[in-house]
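Just so you know, these numbers use all the heavy atoms, side chains as well, and skip hydrogens, waters and symmetry mates. Chain letters run A, B, ... following the sequence lines, proteins first and then strands; every chain starts at 1.
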There are 2 protein chains.
Amino acid sequence: MTRPPARPRRADALRNYERLLAAATDAFAEHGPQAPLDDIARAAGVGNATLYRHFPTRQALLEAVFHDHIQRLCHRAEELASAPQSAAALMSWLKDVAAQGSAAHGLAASLMAAMEGPEDSWCRKAVSDAAAALLARAQEAGEIRIDVTVRQLLKLVNAIALATEADPKPEEADRLLDILLNGLRTPSGRRAGA
Amino acid sequence: MTRPPARPRRADALRNYERLLAAATDAFAEHGPQAPLDDIARAAGVGNATLYRHFPTRQALLEAVFHDHIQRLCHRAEELASAPQSAAALMSWLKDVAAQGSAAHGLAASLMAAMEGPEDSWCRKAVSDAAAALLARAQEAGEIRIDVTVRQLLKLVNAIALATEADPKPEEADRLLDILLNGLRTPSGRRAGA
DNA sequence: ACCTGAACACCGTTCAAGT
DNA sequence: ACCTGAACACCGTTCAAGT
């Protein structure tokens with residue numbers, strides 16, 4: 001499995017790594033996921049080739065920047081896995097994903113890319129597994145349509161996050177997500193809380 | 001209102017314009033909406049600056065290439081405006097949009113960009129108006145949730161088209177769209193055909 | 001091992017010169 | 001008016017030289 005980026009052991013390399021990550025975090029937050037890599041290297045006070053050494057692709061840098069973010073989402077999914085109402089738990093988690101996705105510039109694009117990319121990406125696997133557990137439970141309880149796959153679900157949520165990323169109103173994303181969630185329910189399970 | 005690109009009157013200019021359009025159509029179909037503009041100019045047997053003269057931005061070129069496509073969708077909306085079942089008519093049209101969007105590489109991205117862009121873009125106005133008529137009728141009939149806006153609707157459809165553009169299976173897009181459409185219905189209108 | 005600046009390649013945009 | 005190739009700017013990627 002494609003592992004998350006290994007942190008260097010040598011002191012100076014580790015220092016550069018951390019600086020790059022901090023600079024990239026700022027750059028992505030301010031200029032979106034397509035911020036120039038050269039600018040990030042310069043802001044970190046590091047040669048541009050050093051950036052490329054640590055993070056071979058832009059996607060690798062994005063995943064590193066959002067690593068904690070993604071871990072938090074996965075952790076949240078584990079908590080919700082034992083929540084009493086399975087459908088409500090899934091909905092709640094999806095709202096989290098969408099909210100984070102449209103708040104943190106680049107996260108949604110990053111997740112979408114991971115979902116399209118190689119199946120052995122740690123990022124894709126982590127998020128897929130987290131979502132799969134919640135989805136399966138809600139489907140077994142008969143509350144969510146059985147004909148929905150994890151892949152489709154995550155694609156839809158990320159698509160919404162992407163579509164509303166630029167939007168000034170956060171409630172807009174909520175509205176779109178509500179429509180999606182409403183569509184996911186089985187007719188009989190429709191009355192349960194959102 | 002931002003007009004669709006005016007065709008040149010002079011013979012040689014018109015010839016170049018047509019060649020560029022044909023080359024761009026091919027290039028977008030083969031390499032997606034980000035095909036290099038230089039390649040398009042070269043394939044058209046024209047200087048790169050000539051391309052830029054006729055189409056100041058990539059978006060302008062994309063909208064020109066998809067002009068007929070978009071017109072056809074709008075025309076289809078007009079036909080459906082008098083169909084007996086208002087909700088079914090809307091659904092049918094949305095399926096058209098999604099199908100075209102995921103089939104013609106760049107259309108979905110183009111429409112999404114238009115939806116984010118200036119309100120006076122002819123492309124945005126044409127598609128918005130077409131969708132608005134169908135949506136309003138279905139909402140007045142009480143079949144579609146009243147709290148959905150044209151903008152949201154088109155964003156969602158385009159988001160789905162974008163999310164499934166790379167996908168080899170067209171039925172995947174249909175499934176996602178079904179979920180969306182299901183979510184759009186009012187509870188009482190749910191039993192009407194898809 | 002790791003770092004660096006410079007070189008290279010690519011592509012979009014602009015411009016001076018031509019018809 | 002319109003066209004053209006070349007120049008320019010930008011950015012990602014690679015490399016030869018340094019520690």
Touch check for A49(A), heavy atoms < 4.0 angstrom, all strands: base, sugar-phosphate only, or nothing? base

For E30(B), does the CD atom sit with more than 12 other heavy atoms under 6.0 Å from it, leaving out its own atoms? no

So, does H54(B) get its side chain near the phosphate of dC2(D), meaning an N or O under 4.0 Å from OP1 or OP2? no

Measure from CZ on R9(B) to P on dA1(D) and round the result to the nearest Å. 10 Å

Between T50(B) and Q34(A), name the one whose nearest nucleotide on DNA chain D is closer to the 5' end. T50(B)

Measuring from the side chain of D12(A) (C-beta onward, heavy atoms only), which nucleotide among dC2(D), dC3(C), dT13(C) has the closest atom? dC3(C)

Rounded to whole Å, CZ of R19(A) lies from C1' of dC2(C) at a distance of 15 Å

Just compare dC11(D), dT4(D), dG12(C) and give me whichever is closest to any side-chain atom of V46(B). dT4(D)

Does a side-chain heavy-atom distance below 4.5 Å link L21(B) with F55(B)? yes

Whole-Å gap separating C1' (dC11(D)) and CG (D39(A)): 9 Å

Tell me: CG of D38(A) to C1' of dA9(C), nearest whole Å? 14 Å

For E143(A) and T186(A), which I'm curious about, is there any donor-acceptor pair between the side chains at under 3.5 Å? no

State whether the number of non-hydrogen atoms from other residues, nucleotides or ligands found under 6.0 Å of Q34(A) atom CD is greater than 12. no

With a cut-off of less than 4.0 Å, is there a side-chain N or O of Y52(A) near OP1 or OP2 of dT14(D)? yes

Report the distance from atom CZ of R42(A) to atom C1' of dG5(C), rounded to the nearest whole Å. 13 Å

Among the nucleotides dG12(D), dC2(C), dC3(D), whichever has the atom closest to the side chain of A13(B) is dC3(D)

Both distances under 3.5 Å, Watson-Crick or G-U wobble: report the partner of dT13(D), or none. dA7(C)

Rounded to whole angstrom units, what separation is found between the CZ atom of R53(A) and the C1' atom of dT14(D)? 12 Å

Parallel, tilted or perpendicular for F28(A) and F66(A), by the 30°/60° rule? parallel

Can you tell me the distance, in whole Å, between the CG atom of L51(B) and the P atom of dT14(C)? 13 Å

pair_partner(dC2(C)), Watson-Crick or wobble, both distances < 3.5 Å, evaluates to dG18(D)

Would you mind reading off the distance between R10(A) atom CZ and dC3(C) atom P, rounded to a whole angstrom? 7 Å

Could you check which of dC2(C), dC3(C), dT4(D) has an atom nearest any side-chain atom of N16(B)? dT4(D)

base_contact_polar (dA6(D) base, N48(B) side chain, donor-acceptor, <3.5 Å): yes

